[in-house]
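Heads up: the structure comes next, in structure tokens.
Within every chain, numbering begins at 1; the chains are lettered A, B, ... in the order of the sequence lines, protein sequences first and strands thereafter.
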There are 2 protein chains.
Amino acid sequence: MLINATHQYRVEQKILVAVDCIIFGFDSKNLKLLLFRRKVEPLRGSWSLIGAFIKNDSSVLDGAKQILFECTGLEDVYLEELKTYGDVDRDPGERVISIAHYSLIRINDFELEHVEKFDARWFNLDEIPELILDHRQMVEDAIVKLKNKARHQPIGFNLLPEYFTIPELQTLYESIYQRELDPRNFRKKILSLDILNKTTKKDKSGSKKGAFLYCFNKEKFDTLIAKGYNFEI
Amino acid sequence: MLINATHQYRVEQKILVAVDCIIFGFDSKNLKLLLFRRKVEPLRGSWSLIGAFIKNDSSVLDGAKQILFECTGLEDVYLEELKTYGDVDRDPGERVISIAHYSLIRINDFELEHVEKFDARWFNLDEIPELILDHRQMVEDAIVKLKNKARHQPIGFNLLPEYFTIPELQTLYESIYQRELDPRNFRKKILSLDILNKTTKKDKSGSKKGAFLYCFNKEKFDTLIAKGYNFEI
DNA sequence: ACAAAAGTGTTTGATCTACACCCATGG
DNA sequence: CCATGGGTGTAGATCAAACACTTTTGT
């Protein structure tokens, strides 16, 4: 049935709509995924992405933001739509269309109390347990999207603390791309983009010599994008 | 409210879900967009994308395929999800979440009877009229996505007839990228990918000399992708 | 014979890759 | 004083961009 007129809408079928969130974090060693245990039947105890139904008075994006806030305590985090999962039988309970979103958060900002409250855990990408419904597919799709996105936009910074070292940034990109990068070439490339501010401070947690801390310079980056620069690492 | 158990679903709110289709075509000169006039009130006569509500017994993707078939007579065309438009007030009639899809079709396959039946018309991208709701935004988002996608995957072939010339292919890419390409470099690049089969036939409609017809070799392309090649034109 | 589009190669500069050593420091 | 990770430069290969003329044929 085509959309023709407002007064016809009433004869159409309404459907449950949910969002599910693929939440990535980075602990300065590995890229990680935040998973939650279902607390109730059915499938109680199974690992799953966090999700919520969309209410009539909430936009899809706000619904995703809200569930993210509820389960991590974080606002204003990187959040982007991934894909809609709309098969009729994807949820054995009832027909539910899920609009998956993925999010990149600074793992240290994440409040531990939420881990307790929601029975959540960070998993390395190569240790992801069995997930309910089509959540495993969502995760795989999100990883592919993250890899591609990271090549063209500096989203990596959303996963790092405000101040970070070049070796940390490199480790992050290595765990996203799943391959090793040459430290000299990586440093050269990232610095040539001129979107980092070097500080005079050093982080000595990783080595005795210590590595200079940098922060992301959003202004410079925005000018770069405005000029049509196709960022690629 | 979190998704916790099947038996809780019933208390959740159901919502109207629609798909809207951004249909691109190419007439060997210009990239075009297929738009439809609403036949009924309200907004009767306004230009709009074609859309349909998702039924309870149809997947989102099948819903999109079906409306595309109904309005173009075409099956098995390139169809990909674009983005969800989920603002609460985006439709003045009632709350509707729309999952926009975009499609690339061979304009010559398109049956003219459908143009009549649906009061449809092809528009050049720089002549798009005012559209209902957030359809203009959908179109803009689709154009951006098409541009990016075309850089990395050979989707252009979906817009061309089975047999096409190199200059035609170049014109297509020029109208997607909105900039001119060097004919020598373009030919060199596209042929170096080795995904085209040259025929012995010529198309003389574009010139007196005539240009050789090629067709897309999907097998070679698939091997290329399997090897992890990052196609880029 | 000429107009109009198809087709062809080379040179130059930019970018990516590979690669090896010294530096600073805490223990 | 030495083990550990941080930091630097260069040469060769590869790729992208710029660029001009010849070919074919319908009119």
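Using the six-membered ring where Trp is involved, B/Phe186 and B/Tyr173 have ring planes that are tilted, between 30° and 60° apart. Ring pair A/Phe216/A/Phe157 is parallel by interplanar angle, where below 30° counts as parallel and above 60° as perpendicular. Between B/Tyr102 and B/Phe24, the ring-plane angle classifies as perpendicular under the 30° and 60° cut-offs.
Atoms CG (B/Asn185) and C1' (C/dG7) sit 14 Å apart, rounded to a whole Å. The interatomic distance linking A/Tyr214 (OH) with D/dG6 (C1') rounds to 10 Å, in whole Å. At whole-Å resolution of the value, CG in B/Leu181 and P in D/dA16 are 13 Å apart. Rounded to a whole Å, the CG atom of B/Leu193 is 13 Å from the C1' atom of D/dC15. A straight line from CG of A/Leu213 to P of D/dG6 spans 12 Å, rounded to a whole angstrom. Put simply, CZ on B/Arg184 is 14 Å from P on C/dA6, counting in whole angstrom units. Between A/Phe164 atom CZ and D/dG6 atom P there is a gap of 15 Å when expressed in whole angstrom units. In this structure, the CZ atom of B/Arg187 is 18 Å from the P atom of D/dA17, given to the nearest Å.
Closest-nucleotide positions on DNA chain C for A/Gly210 and A/Asp182 were compared, and the one nearer the 5' end corresponds to A/Asp182. DNA chain D is contacted by both B/Glu232 and B/Lys204; B/Glu232 maps to the nucleotide lying nearer its 5′ end (nearest heavy atom per residue). For the pair B/Glu168 and B/Lys208, nearest-nucleotide mapping onto DNA chain C gives the more 5' position to B/Lys208. Checking B/Lys209 against A/Lys209, the closest nucleotide of DNA chain D that is more toward the 5' end is the one next to A/Lys209.
Checking C/dC16, D/dG6, C/dA20 against the side-chain heavy atoms of A/Pro167 singles out D/dG6 as nearest. Comparing D/dT25, D/dA16, D/dG6 by their closest approach to the side chain of B/Lys189 singles out D/dA16. The listed nucleotides are C/dA6, D/dG7, C/dA18; the one nearest the side chain of A/Phe212 is D/dG7. For A/Lys188, the side-chain atoms get nearest to D/dG9 when compared with the rest of D/dG9, C/dA5, C/dA3.
The only member of A/Leu104, A/Ile176, A/Ile105, A/Leu159 that meets side chain to side chain contact (heavy atoms under 4.5 Å, CB included) when paired with A/Phe26 is A/Leu159.
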Show the numbers, then the answer: is there a salt bridge (charged side-chain N to carboxylate O under 4.0 Å, His left out) between A/Lys189 and A/Glu232? CA-CA 9 Å; A/Lys189 183 74 183 263; A/Glu232 186 154 344; over 6 Å; no
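Direction of the helix axis in the helix from C/dA1-D/dT27 to C/dG27-D/dC1 shifts by 0° between the two five-pair termini, rounded to 10°.
Around the NZ atom of A/Lys218, the shell of radius 6.0 Å holds no more than 12 heavy atoms that belong to other residues, nucleotides or ligands. Taking a 6.0 Å sphere around CD of A/Glu180, one finds it holds 12 or fewer heavy atoms contributed by other residues, nucleotides or ligands.
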